[in-house]
Amino acid sequence: MATSASSKLNKAVKQQYMDLPQGDKVQAMYIWIDGTGEGIRCKTRTLDSEPKTIEDLPEWNFDGSSTYQSEGSNSDMYLIPAAMFRDPFRKDPNKLVLCEVLKYNRKPAETNLRRTCKKVMSMVENSHPWFGMEQEYTLLGTDGHPFGWPSNGFPGPQGPYYCGVGADKAYGRDIVESHYRACLYAGIQICGTNAEVMPAQWEFQVGPCEGINMGDHLWIARFILHRVCEDFGVVVSFDPKPISGNWNGAGCHTNFIYIYLIEAIERLGKRHRYHIRAYDPKGGLDNARRLTGHHETSNIDEFSAGVANRGASIRIPRSVGQDKKGYFEDRRPSANCDPYIVTEALVRTCLLKEEGEEPTDYSK
């Protein structure tokens, strides 16, 4: 498995260069989603001064034929700055810049799901839709084997690992702590983290975020996790079922604050197939490996809702079930989902009250 060798380089040597003054210049790392809908790419440019707003950042371009996004004969793609964060790796005044991708004709690239999400969110801005997303992930060695697992076997069965403490229960906590602090520095609305049910599997939570900010913050949190893992020589996987068999999969449970709880759940039940298609990059094929009705999941072919039920499509927190209002947890999105289309789908169904298996086209 080809991986970065940067973890084997001497970090102390690197630090003496990182401590050098950079004058009045600023390094801005432009970040975008590639043609797979899951991969993240980045490159850096020098700015003459520190940008204060997104409008201070110039457009840029890249070779889309090398990112599965264009033909080699017409390869230039546009990078449009969309959100800016502090850079926890180079530190202030340097920036991380999340970008939208446009094709040569200035139309959104196929995997630029932010553009439509932003339009839909603008249509309901007076409702102030708030979200929180629980990002599960699995740490792997450079050989693709779960980090900390025996090289020729399996660890003990699930049970002691969820929120576990100890070297025999928590695999890779140094990475988790580093990622958490880096997100706080960057300005990510990260609100917690914990070890998950399968050993070497963890979760961090982002939110509450309003509207388009949910997708922006989660994508940058993913980017930071990839970079932290790169430094440690470990690989992070967002695959929804990284290990087959009697092991939990990885989801991205999405919490949506909505006071008309019963109405929302009824609407979601009528559009189950639409949401399943939106909840992983392969239109439901990735989630089919995870949503089996076992290991704290619902069956992909059936919609269900229940109070405090982690085997349901929609989990209603017990306190919310008593009050009949508040928020619900959609447990169907996969770990490798695009948060833009997940949050957009929830708004379309619950707030815009769309029906049927296809989203409404508001561009006409």
Side-chain angles (χ1 to χ4, degrees), residues 132-180 190-206 221-222 225 228-229 232 234-255 279-280 286-300 302 304-321 328-337:
M133 298 187 80
E134 306 169 27
Q135 177 68 71
E136 294 178 342
Y137 61 92
T138 307
L139 297 176
L140 307 175
T142 55
D143 59 356
H145 196 62
F147 179 77
W149 285 31
S151 58
N152 295 312
F154 298 91
Q158 295 181 157
Y161 308 108
Y162 172 71
C163 296
V165 178
D168 58 340
K169 301 179 183 68
Y171 301 4
R173 192 184 298 275
D174 287 348
I175 293 169
V176 174
E177 294 294 334
S178 300
H179 173 253
Y180 201 153
I190 187 171
C191 59
T193 190
N194 59 269
E196 266 302 331
V197 176
M198 188 180 83
Q201 190 182 85
W202 295 80
E203 172 184 300
F204 65 88
Q205 303 93 33
V206 175
R222 287 174 174 176
L225 181 57
V228 168
C229 286
F232 278 99
V234 172
V235 179
V236 59
S237 170
F238 296 110
D239 188 281
K241 188 69 174 180
I243 304 297
S244 60
N246 195 27
W247 303 98
N248 273 35
C252 192
H253 303 154
T254 302
N255 299 276
Y279 283 0
D280 79 51
D286 276 348
N287 247 341
R289 294 184 284 120
R290 166 180 162 260
L291 297 179
T292 61
H294 304 288
H295 305 109
E296 300 184 26
T297 70
S298 58
N299 188 293
I300 193 170
E302 301 171 0
S304 58
V307 175
N309 184 357
R310 283 177 164 76
S313 308
I314 304 293
R315 181 183 70 88
I316 305 167
R318 191 169 300 282
S319 60
V320 174
F328 61 82
E329 176 191 54
D330 193 333
R331 296 178 61 81
R332 295 172 294 175
S334 65
N336 60 344
C337 70

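Not measured: the values here are computed from a predicted model.
Between Asn194 and Tyr162 the shortest side-chain heavy-atom distance falls below 4.5 Å. Pro146 places none of its side-chain heavy atoms less than 4.5 Å from the side chain of Pro242. At a threshold of 4.5 Å between non-hydrogen side-chain atoms, the residues Val307 and Val320 do not count as touching. At a threshold of 4.5 Å between non-hydrogen side-chain atoms, the residues Asp330 and Tyr279 count as touching. Between Glu296 and Val197 the shortest side-chain heavy-atom distance falls below 4.5 Å. For the pair Val176 and Tyr180, the minimum side-chain heavy-atom distance is 4.5 Å or more.
The distance from atom CZ of Phe204 to atom OG1 of Thr193, rounded to the nearest 0.5 Å, is 8.0 Å. Interatomic distance, Arg332 CZ to Ser298 OG, rounded to the nearest 0.5 Å: 7.5 Å. Atoms CD1 and CZ, from Ile300 and Arg290 in turn, are 9.0 Å apart once rounded to the nearest 0.5 Å.
For Arg315 and Phe328, the positive end is not near the middle of the six-membered ring at less than 6.0 Å and at most 45° from its axis.
Remark: side-chain polar atoms of His179 are paired, donor with acceptor, to backbone N or O of Ala221 under 3.5 angstrom. Between the side chain of Ser237 and the backbone N or O of Thr138 there is no donor-acceptor pair closer than 3.5 Å. Put simply, the side chain of Arg331 gets close to the backbone of Arg310: a donor and an acceptor are under 3.5 Å apart. With hydrogens and angles disregarded, no donor-acceptor distance shorter than 3.5 Å links the side chain of Glu203 to the backbone of Gly251. One N or O on the side chain of Ser313 and one on the backbone of Ser304 form a donor-acceptor pair closer than 3.5 Å. For the pair Gln135 (side chain) and Ala335 (backbone), a donor-acceptor distance under 3.5 Å is present. Counting only distance, with no hydrogens or angles, the side chain of His145 and the backbone of Pro150 share a donor-acceptor pair below 3.5 Å. Checked by atom type and distance alone, the side chain of Asp280 pairs as donor or acceptor with a backbone atom of Asn287 at under 3.5 Å.
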Let me see the working for Asn246 and His295 under side-chain hydrogen bond (donor to acceptor under 3.5 Å, both in side chains), right down to the final yes or no.
CA-CA 8 Å; Asn246 195 27; His295 305 109; 2.8 Å; yes
May I have the step-by-step check of salt bridge (Lys or Arg N to Asp or Glu O under 4.0 Å) for Arg289 and Asp239, ending in yes or no?
CA-CA 10 Å; Arg289 294 184 284 120; Asp239 188 281; 3.0 Å; yes
Applying side chain to side chain contact (heavy atoms under 4.5 Å, CB included), run through Ile175 and Cys229 and close with a yes or a no.
CA-CA 7 Å; Ile175 293 169; Cys229 286; 3.8 Å; yes
Between Leu140 and Val236, is a side chain to side chain contact (heavy atoms under 4.5 Å, CB included) present by the stated rule, with each step listed?
CA-CA 6 Å; Leu140 307 175; Val236 59; over 6 Å; no
Residue pair Gln158, Asn248: steps toward the side-chain hydrogen bond (donor to acceptor under 3.5 Å, both in side chains) verdict
CA-CA 8 Å; Gln158 295 181 157; Asn248 273 35; 3.0 Å; yes
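The minimum heavy-atom distance between Ala250 and Glu136, with the atom names listed, is CA-OE1, 3.2 Å. Looking at every heavy atom in both residues, Met133 comes nearest to Cys337 through CE-SG, 4.1 Å. When all heavy atoms of Thr292 and Asn299 are compared, the pair lying nearest together is O-ND2, 3.9 Å. Closest non-hydrogen pair, Arg173 versus Ala170, comes out as NH2-CB, 3.5 Å. Val165 approaches Lys169 most closely through the heavy-atom pair O-CD, 3.5 Å. Annotation for Pro240 and Ser334: closest pair CB-CB, 3.9 Å, computed over non-hydrogen atoms.
Using a 30° and 60° split on the angle between ring planes, Tyr161 and Tyr171 fall in the perpendicular class, above 60°. Using the six-membered ring where Trp is involved, Trp247 and Trp149 have ring planes that are tilted, between 30° and 60° apart.
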